[in-house]
Each structure stands twice: as C-alpha cells, then as structure tokens.
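None of these values were measured; they are calculated from a predicted model. In each ligand, atom 1 is the first atom listed, and ligand 1 is the first ligand listed.
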Amino acid sequence: MSELTREDIEGLGSPLARIVEVHETLASTQERARELARAGTPHGTLVVSEVQTGGRGRLGRSWGSPPGGLWMSLVLRPDFDASRAARVTQTAAVAVAKALWEIGVEARIKWPNDLLIGGAGGPKVCGILAESSAGSGSVLHRAESGELQRRLDYVVLGVGLNANLDPAVLQVRDRAVTTLRSELGQDANLLEVLRLILTNLDVELSRMEDFEAILEDWRALNCTLGERVRVQRFGTSLEGIALDLTPEGALVLQTVDGPVELFEGEIEHLRQ
Ligand code: BTN
C-alpha cells in the first residue's frame, strides 16, 4: 500500500492538489493526467501512483517506476500564450531542485531539467517531463497588442523522483542514478517531500511571467553552463561549450562553427 493517501495529500491544502488521485498501479500517471485534462479537469489536479508499469521519460524513453519512488503528474492550466509553454520546463526544474535542497539534497540542474547530485556527470535523482497542449480554434484570443494568440489549454507536468528505494532496483544501465534514500542515508518522508515540491512549484509557476528571474535561479542551480557537452541533433553529433540560456530558456552552445541554440534534446557532459 502506498505511503501517500489521497486524504493526506488533500490535507496539504495546496492549490496544485485540489483534485487528487492516488493509485497503487497505473501504466503512467502522465497518461492518466492527460486523460483527465482532456475531460476538462481543473488546474491543480494531481495524479500519483505507487508503481507505474509504463512510465515514460523524455524523448520517448521508458522510466522505471518501482515502489518507493514519487511518481506524479500534475494538470496545470497556466494563463498564458502557447508560445510560452516551454517555460514550464525550466520553471519546474527550479522548483523541484529548491524542494530537494530544503530536505538537504543538493540537486543540480542539467539542461533542460534533469536533477543530478554532485554536478555534471553526477547520478540522476529526478526527471521532469512537461507536455503541453494548445487549444483548438475556440481558444484563440486577442492580446492587448491586438495580435491573435493561441491560449495554452493545459500542461501535464510529470515528476519522477527516485525516493525511498535502492538505485539497483531501478535497473538503469546506461547512466548513473541515485535515490533520496542513498543521498540521505535514510528514507524521506514522502508527504513532506511532496508538500515541498507543490509549495515550490506554486511559487515558481506564479512568477513565470518574470521568466528572467526564474532563469537566474536556474543558472544558480545548474551544472551545465561552462561545461563541454555533446548533443545528438538531426542524426549528427554536435559538440561545444554550453555558454548560456536565451531569454526563452534555449541552450546556447558555442561550437567551432559558431553559436547554436538548442530547444530540446539530451546533452552529454564531456570531460574538459
Ligand atoms: C526524464 O527524465 O526523462 C523524465 C522522466 C519523467 C518521469 C515521470 S514519473 C511520473 C510521470 N509519469 C510518467 O510516465 N513519466 C513521468
């Protein structure tokens, strides 16, 4: 039985957990949250599952989700234009990283939103998946500028936190992983961790209009900038120094052929 119950989560009184579902097993909280979002569930719907049998990671990868982890997806309906959807990616990374620091886990952000321990090349403790859907024609609206914009319909924000389990149980072979249990030397209180994540997410999401401030915090918490990295792009491999973020959060890579902006992808930190 899950350590987390719907009653306990609702008792947190978070505006991001107004509607809560807790499952023992689901294919993916991300899929369930998206189903609820399509059916019109409001902002602040949270789906948690003790186990996922078909957990999904970024870029079509699978995400191992045995018991002991915090596997959750949130339905958000931010009140801004669809062109700003990508902001949720870095915003969520900042929020979850701050929550982990509050329990004594010094997580660093690898672009765009992986949380690692001990800096570049360190083991991964948490993955974040933000998937958005812009509305159909009916949600076109006119901005103050007079321009027609497409309102963001919903974002499903998935957080996969390796919490109270041993890293070996995750059976990840292609990269180093860690868990809160390993980092803290004891199990974490999952309800308290969830409370901190929701509180920090609520704070950061409410200031997303001031994205430059969020990116400043992202820079302070990141372990990618200044590093030599490699990225797979359009079937080829690109190498360079991660210089900075653009105002919308793309990564600027200084390559031998000049600067390149990356909006999505998986980077590999290389030894300097
Ligand atoms: C990544 O680093 O690739 C992102 C991993 C996101 C995993 C979480 S676990 C909860 C939610 N449900 C899913 O199927 N995926 C996300």
Are the side chain of Arg56 and the backbone of Gln30 linked by a donor-acceptor contact shorter than 3.5 Å?
-> no

Taking salt bridge (charged side-chain N to carboxylate O under 4.0 Å, His left out) as the test, write out the residues that go with Arg84, two or more places apart.
-> Glu209

Evaluate the salt bridge (charged side-chain N to carboxylate O under 4.0 Å, His left out) criterion for residues Lys98 and Glu102: first the C-alpha distance (whole Å), next the side-chain angles of each, then the deciding distance (0.1 Å), finally the verdict.
-> CA-CA 6 Å; Lys98 285 183 178 178; Glu102 286 179 48; over 6 Å; no

Table of N or O contacts for ligand 1, cutoff 3.5 Å:
from     : atom 1 : to     : atom 2 : distance (Å)
ligand 1 : 2 (O)  : Lys124 : NZ     : 2.7
ligand 1 : 3 (O)  : Arg58  : N      : 2.6
ligand 1 : 12 (N) : Thr29  : OG1    : 3.0
ligand 1 : 12 (N) : Gln52  : OE1    : 2.9
ligand 1 : 14 (O) : Ser28  : OG     : 2.7
ligand 1 : 14 (O) : Gln52  : OE1    : 3.4
ligand 1 : 14 (O) : Arg56  : N      : 2.7
ligand 1 : 15 (N) : Arg56  : O      : 2.7

Report the C-alpha separation of Thr91 and Glu204 in whole Å, then their side-chain angles, then the decisive distance to 0.1 Å, and conclude whether the side-chain hydrogen bond (donor to acceptor under 3.5 Å, both in side chains) test is met.
-> CA-CA 6 Å; Thr91 305; Glu204 301 302 330; over 6 Å; no

What residue pairs, at least two apart or across chains, pass side chain to side chain donor-acceptor pair (under 3.5 Å) with a residue in residues 254-265?
-> Arg58-Glu264

N/O donor to acceptor pairs below 3.5 angstrom from side-chain atoms of residues 105-113, sequence neighbours left out:
from   : atom 1 : to     : atom 2 : distance (Å)
Arg108 : NH1    : Ala220 : O      : 3.1
Lys110 : NZ     : Glu266 : OE2    : 3.4
Lys110 : NZ     : Ile267 : O      : 2.7
Trp111 : NE1    : Gly249 : O      : 3.3
Asn113 : ND2    : Ile128 : O      : 3.3

